[in-house]
Protein chains: 2
Amino acid sequence: MKITLDQYDYKILHILNENSRLSYAEIGRKISLSQSATKERVLNLVENGVIKQFGVEIDFSKLGYGLQVVMSLKFRNDEFKTFLDNLSKFPEILSCKRITGEYCLVAECILSDSSHLENLIDRLIPYGVPTTSVQLSEVKVDNFFKHLM
Amino acid sequence: MKITLDQYDYKILHILNENSRLSYAEIGRKISLSQSATKERVLNLVENGVIKQFGVEIDFSKLGYGLQVVMSLKFRNDEFKTFLDNLSKFPEILSCKRITGEYCLVAECILSDSSHLENLIDRLIPYGVPTTSVQLSEVKVDNFFKHLM
DNA sequence: TGTGAAATTTAATGGCG
DNA sequence: CGCCATTAAATTTCACA
């Protein structure tokens, strides 16, 4: 089901996307709406499921995890489901996307160094064949919201 | 430069990762610390660059963008830099990672339907050869923080 | 670094256009 | 849907340990 938003909602999403800790009052000021109205809209966006979560972006390299890799996985016969059930054994995997194509899963991994990577690969082998690409840099864009408005 | 955090900081990161809109007072309650001390720690994490941003996760399918793809790009000779300079022309690209390997860039794209995808591919062709995988599902895990503590 | 307290600002609620 | 007014709660600032 598609949810229809207006300009206020798009502006709120745009503002929260850049700083989700702003107070309702401050968001309201930016979009010329009272704090009560702003709050109700934010809560509605959460209730509707448009906003899935208020999170935080972390620079893992500052925590001693200077190696980030994109891992593609080609699973053995029926190991896909088993792998998902055992995801908690792989704390270094931040997120997994199931995708179409030869490699049916792509995972973002946070590692301290190459020996950590070797260790991860060894633990993945039972499930399938991993292919590793080292992440050199990342650009996050937020034109999407501007584009909607 | 690596930054050393203690248990309080890791707990704060874990809590903020799940809900970045919690008040300092509430975070403080969860970790048995005063609101002033909690606030100072959060501000330090931001100042240190450990926290890059407080953001929001959005369910784009609810906004009419039901097709999410992972696009790998193999660039023509010198088009990589040109592409990055022109990223603003591609609002449907949420993030790009430069990676090692044959495909030197992998991008997350938000699209309304297959004709939107076709349009995107046409606009990408001048820069390089795109390979598209449709994203079927995604799992975000947050064992990473628990693992640190 | 952390705590506690006072002044200011927000959040939450309910009644009303 | 949004505004305003009221009460409760959180933030800010600062003195002190």
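Computed from a predicted structure; not experimentally measured. Lettering of chains follows the sequences in order, A, B, ..., and the numbering in each one begins at 1.
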Counting heavy atoms from C-beta on, name the nucleotide in [options] closest to the side chain of [X].
X: Arg41(B); options: dT13(C), dA10(D), dG2(C); answer: dG2(C)
X: Ser34(B); options: dA5(D), dA11(C), dG2(C); answer: dG2(C)
X: Arg29(B); options: dA10(D), dG2(D), dT13(D); answer: dA10(D)
X: Lys39(B); options: dC3(D), dC4(D), dT13(D); answer: dT13(D)

Just how far, in rounded Å, is [atom2] of [N] from [atom1] of [X]?
X: Glu26(B); N: dA10(D); atom1: CD; atom2: C1'; result: 10 Å
X: Tyr8(B); N: dT3(C); atom1: OH; atom2: P; result: 7 Å
X: Leu5(B); N: dT1(C); atom1: CG; atom2: C1'; result: 15 Å
X: Asn44(B); N: dG2(C); atom1: CG; atom2: C1'; result: 13 Å
X: Leu22(A); N: dT9(C); atom1: CG; atom2: P; result: 17 Å

Original post:
Across the strands shown, which category fits Gln35(A) at heavy-atom distances under 4.0 angstrom: base, sugar-phosphate, nothing?
Top reply: base
**OP:** Would you mind classifying the nucleic acid contact of Ser23(B) as base, sugar-phosphate or nothing, using non-hydrogen atoms under 4.0 angstrom?
**Re:** sugar-phosphate
Subject >> Intermediate values then yes/no, side-chain hydrogen bond (donor to acceptor under 3.5 Å, both in side chains), Ser133(B) and Thr100(A) >> reply: CA-CA 5 Å; Ser133(B) 300; Thr100(A) 59; 4.7 Å; no
**OP:** Classify the angle between the aromatic ring planes of Phe144(A) and Tyr65(B) as parallel (below 30°), tilted (30 to 60°) or perpendicular (above 60°).
**Re:** perpendicular
Subject >> Thr131(B) side chain to Tyr103(B) side chain, donor-acceptor N/O pair below 3.5 angstrom >> reply: yes
**OP:** Kindly say if Arg21(A) contacts the phosphate of dT10(C), meaning a side-chain N or O under 4.0 Å from OP1 or OP2.
**Re:** no
Subject >> Contact nearer the 5' end of DNA chain D, comparing Tyr24(B) with Glu40(A) >> reply: Glu40(A)
Original post:
For Ala37(B), does its backbone N or O pair with a side-chain atom of Ser34(B) as donor and acceptor, under 3.5 Å?
Top reply: yes
